[in-house]
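In what follows, every chain begins at residue 1, and chains take the letters A, B, ... in the order their sequences are listed. Remember, it's a predicted structure, so these values are computed and weren't measured experimentally.
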Amino acid sequence: MSIAKTYIPKETEEKWYSYWLQHGFFKSVPDEREPYTIVIPPPNVTGVLHMGHMLNNTIQDVLVRRARMKGKNACWVPGTDHASIATEAKVVAMLKERGISKKDLTREEFLTYAWEWKEKYGGIILEQLKKLGASCDWDRTKFTMDESLSEAVIDTFIHLYKKGLIYRGIRMINWDPQGKTAVSDEEVIRKEVNQKLYYIRYFVQSESPEVGKSESGEASSDFRTSGLPDSPGFLTIATTRPETIMADAAICINPNDERYLHLHGKKVYIPLINREIPVILDDYVTMDFGTGCLKVTPAHDLNDYELGQRHNLPVIDILNDDGTLNEKAQILVGEDRFAARKKIAVLLEEAGVLEKVEEYKSQVGFSERTNAVIEPKLSMQWFCKMGEMAKPALDYVLNGEIKLIPEKFVNTYRHWMENVRDWNISRQLWWGQQIPAWYLPTGEFVIAKNAEEALKEAQLKNPEYTAANLTQDEDVVDTWFSSWLWPISVFDGFKDPDNADINYYYPTNDLVTAPEILFFWVARMIMAGHEFRGEVPFRNVYLTGIVRDKQGRKMSKQLGNSPDPLDLIAQYGADGVRVGMLLCSPAGNDLMFDESYCKQGSGFANKIWNAFKLVKGWEVDESLSNPNGVAIEWFANRFNQALTEIEANFAQYRLSEALMDTYKLVWDDFCAWYLEMIKPAYQHPIDKATYAATIQFFENILKVLHPFMPFLTEELWHDELFGERSETDCCIVAQLPAIGEINSRLLNETELVKDVVTNIRNTRKTKQISDKEPLELFVKSNSGINYGQFEAIITRLANISKFESVADKIEGAINFLASTDEFYIPFSEEIDPVAECVKLKKEQEYLLGFLKSVNAKLGNERFMANAKPEIIEVEQKKKADAEAKLTIIEENLAALAC
RNA sequence: GGGAGCUUAGCUCAGCUGGUUCAGAGCAUCUGCCUUACAAGCAGAGGGUCACUGGUUCGAACCCAGUAGCUCCCA
């Protein structure tokens, strides 16, 4: 392999990805090894790769690759989600462009188009993930509408229905008039919106509805008084939705409201249409909000609906599914609800019943998918009872069988699960699994796996029934109703609950996903896991943050503040981007992404490349003896120490910390210290032992780096430097080095040696001595450390021409302390005694202060009584060290006679 | 309105059971170096009242209470 000056990712990435594929390294089949399983959070078929996916899948790939390198049978199952609302919207839009309207199509025709669309665009994200290096077992790729997965959805629907956990009921749902579907509460985004509060007068029965009769013309600006009975002919209500007055079923007042006693038992007329409605009493009404008179519109407000139920009020629905007014409104029929609002305001004004309009801020729900204002709507829907299933799902998390990372999400999870509401699983769409309910002419229904079975069921009720008597429910189930089965259904665990795959891979190990769908998806998977397998679906849930831009804004297409991940990969290399993502991604916290992190990542790749270039350039002279024994031993120990730290961080899912440990191990310890320690002089050969040790180190470093930087490491792995490799001897399947013993004494002493080197470099800097000018160095070792063993290292790194141990201080030399050991550099120039005195006195002062605080602790009876013995020991050591240093400083001060 | 969380260097974040010479890391900044692996580099340096106020403790970035600011979830 010829070595380029810099690392060029493009030349390696495609090559190795296809090599891995060819050799089936991503593939997993059950065997004797311990499994390690991740199921991918299936991306929507409508999506393209965004930064959230990049983060999420980088993390999963790091975990999977590491597991593989720890000898586990790693299986990462990829797939996609059919995303009924979003996909149907895309297909409808596509058809519209072709001049086709969904209304003109049969269900079957529409679905043909939808599948066509899915085949064409549905796999885009998965293809893009390959660019990132994702080591998924692609042979296992699943789609939530695959036959077996869909069958599982239908089967579980039937199972839950039979168990009484699925029921049909009228509910107030969040209706998206643009998507023409119900959406769940979680898909409604609430925003504070400036609205208008309309004050409208309703005339009271037996009072003449003569316009302007009681008009004072000076309605009070205080709405608390504006509806007062000093205007006996009418009452005033305040509403943000004047277009719904035609759907009013009553006016409600608080029975304790003394202002309105005269209205008890009365009837009033709805303006414009003059329909008569009763005044009802309910203490639900807050007396001091608005006018104290509440218009009750059961069809268009959840609270009003419940109020209506209590008072047996009729439900008058004046809206069509597309948000326009229907004939029940009597006026403005066919107008859109917002147009109608403006028009009715004018009509009310003209009729003289619009008392005033105020600005008003309130929360309005918007559809996450279409951004349309959500319309509360009564509808017959299928529901799944949650209470019973939530309990065990909560327990799994509370008792630690499932760990949420970071732990803070346990609180959120508990709060949700303790206040869980039934799950509306109907969606008024075609793309998805059609609800397996067939309606009979009597209005009854049967639940069955297919039309034939449904007919059989129906014939039990009435043998006369034929297929023509049955109509299947038009709706499909919520997409989450299929994705909650994902960890089971990808292994075909419903149809074949005892198959080899599910028995081996389930429960899966880690799930990596966003906190936004903790309830939507994670909680429901746990419920499904318990319900259908009596077991958790995964052990650990790693919750990633939201990727934001530098200004803290969520990255989104609308804002255009998200870089294109593929552009980033092209620019920085997949390895660079992976490192960049992880550098700024603490678990569960949002990350402020900036391209500079990727730059740092590619810089790191380049650093490794160049270190490799150095080692590769060495000539070996077999006759040389090894002068680097200590350096080699030090790095071997340092490597083991770093492995321990990395392992600990992985165990706690602190991936960005583990990466930083690796980064520093490679850059600082290996490149900046070790290689500099052993590097032969230019065009000089290296001895065989050092060469062999260094190559071994390098190979181990590649292994540790591989999960983070798979492409670069695989590329270097195959260099001839490491000798002949068989076709399947690849970094991706190499086993991580075992952690060896750590000689902490050697590590500590080497830290001191590094301190000595830094001190000398510093001295050169302050005294303006060139790096090229050799210096002499003498040590008076008070600690007993044998610096002789480090001679080669110190002379090398600090350009020392002579290094000797001495028993006495050296007068007139530059000196410094490393721990309690004294170092001297004789220097021709006179040492400035005054400056030296100042320096020493400053140090002395600091040490005295420090010693004082230590002594204060040691002299404190309560400290001695309460502190743990090891703490006291540490304090005593601090004291001894400080005293030793002080003695040396005092001696030096005395010598200078200051 | 109810709940959860956050605030440590210019930026992004560590700091685990309160106790090392504990105030850290990376990036950025500044200074000096084109020293034959790397200027995408090397060597060195500066930078913080741990949001604020009080309390507990022998001892607080860490525990408790309050205040301010920010974020998220639910209504």
Side-chain angles (χ1 to χ4, degrees), chain A residues 3 5-7 185-186 190 302-303 363 406 408-416 418-419 421 515-516 518-519 545-546 548 550 552 554 572 576 583-586 588-594 596-597 599-618 648-649 652 654 656-657 659-661 663-664 667-668 671-672 675-676 679 681-683 757-766 768 770-772 797-799 819 846-847 849-851 853-854 856-868 870-879 881-882 885:
Chain A
I3 272 274
K5 198 172 159 78
T6 51
Y7 172 57
D185 289 346
E186 288 82 1
R190 288 175 196 285
L302 179 58
N303 295 316
Q363 297 271 322
K408 66 178 178 185
F409 286 108
V410 173
N411 283 334
T412 318
Y413 183 83
R414 180 172 51 213
H415 190 254
W416 272 336
E418 284 173 350
N419 298 285
R421 281 175 297 173
E516 304 157 315
L518 183 57
F519 179 69
I546 295 166
R548 297 176 182 277
K550 259 199 143 176
K554 189 173 171 176
Y572 302 104
L583 278 175
C584 59
S585 61
N589 284 340
D590 290 355
L591 51 120
M592 307 298 156
F593 179 79
D594 187 78
S596 63
Y597 289 111
K599 201 176 159 202
Q600 196 182 342
S602 64
F604 185 40
N606 193 52
K607 182 74 187 176
I608 298 160
W609 182 263
N610 275 290
F612 185 81
K613 219 176 108 183
L614 172 72
V615 176
K616 189 169 165 65
W618 287 339
N649 279 320
Q652 292 171 80
R654 299 179 179 194
S656 90
E657 300 277 305
L659 171 59
M660 189 46 70
D661 290 338
Y663 183 91
K664 285 191 280 193
W667 200 307
D668 297 344
C671 294
L675 288 179
E676 293 300 329
K679 183 163 108 177
Y682 181 54
Q683 289 190 333
V757 171
T758 302
N759 258 305
I760 299 167
R761 285 171 176 168
N762 227 328
T763 304
R764 287 182 184 275
K765 206 110 191 168
T766 50
Q768 300 191 327
S770 160
D771 291 343
K772 287 169 186 158
L797 295 180
N799 192 15
S819 179
Y846 169 79
L847 281 168
F850 176 71
L851 192 59
S853 78
V854 174
K857 278 191 198 176
L858 290 171
N860 185 319
E861 275 175 40
R862 287 209 260 184
F863 172 76
M864 298 304 279
N866 295 327
K868 285 179 240 162
E870 53 277 25
I871 303 283
I872 293 173
E873 210 172 297
V874 165
E875 291 300 318
Q876 277 161 344
K877 180 161 188 314
K878 283 198 241 174
K879 178 183 162 135
D881 283 358
K885 281 190 184 179

**Item:** Separation between the P atoms of B:rC58 and B:rA51, rounded to whole Å
**Value:** 25 Å

**Request:** Classify the nucleic acid contact of A:Gln683 as base, sugar-phosphate or nothing, counting any heavy atom under 4.0 Å across all strands shown.
**Result:** nothing

**Asked** Touch check for A:Trp618, heavy atoms < 4.0 angstrom, all strands: base, sugar-phosphate only, or nothing?
**Response** nothing

**Asked** Quick one: salt bridge (charged side-chain N to carboxylate O under 4.0 Å, His left out) partners of A:Glu418, sequence neighbours excluded?
**Response** none

**Prompt:** With a 4.0 Å cut-off on heavy atoms, is A:Ser602 in touch with a base, just the backbone sugar-phosphate, or nothing at all?
**Reply:** base

**Message:** Over all strands shown, is A:Lys5 touching base, sugar-phosphate only, or nothing at heavy-atom distances under 4.0 angstrom?
**Reply:** sugar-phosphate

**Message:** What's A:Lys664 touching, base or sugar-phosphate or nothing? Going by heavy atoms closer than 4.0 Å.
**Reply:** sugar-phosphate

**Request:** Mind checking A:Asn606 for me? I need base, sugar-phosphate or nothing, with any heavy atom below 4.0 Å counting as a touch.
**Result:** base

**Asked** Looking across every strand, which nucleic acid part, if any, lies under 4.0 Å from A:Phe604 by heavy atom: base, sugar-phosphate, or nothing?
**Response** nothing

**Fill in**
Whole-Å distance, A:Lys857 NZ to B:rG18 P, equals 15 Å

**Asked** How is A:Asn610 classified with respect to the nucleic acid when contacts are heavy atoms under 4.0 Å: base, sugar-phosphate, or nothing?
**Response** base

**Asked** Can a donor-acceptor pair under 3.5 Å be found between the side-chain atoms of A:Glu676 and the base atoms of B:rA37?
**Response** yes

**Asked** Within the pair A:Arg654 and B:rG15, is there a side-chain N or O less than 4.0 Å away from OP1 or OP2?
**Response** yes

**Fill in**
Taking a pair to mean Watson-Crick or G-U wobble geometry with both distances below 3.5 Å, B:rU67 pairs with B:rA51

**Request:** Could you tell me whether A:Lys885 and A:Asp881 have a side-chain N and a carboxylate O separated by less than 4.0 Å?
**Result:** no

**Request:** Spell out yes or no: do the side chain of A:Lys765 and the base of B:rA43 have one donor N/O and one acceptor N/O closer than 3.5 Å?
**Result:** yes

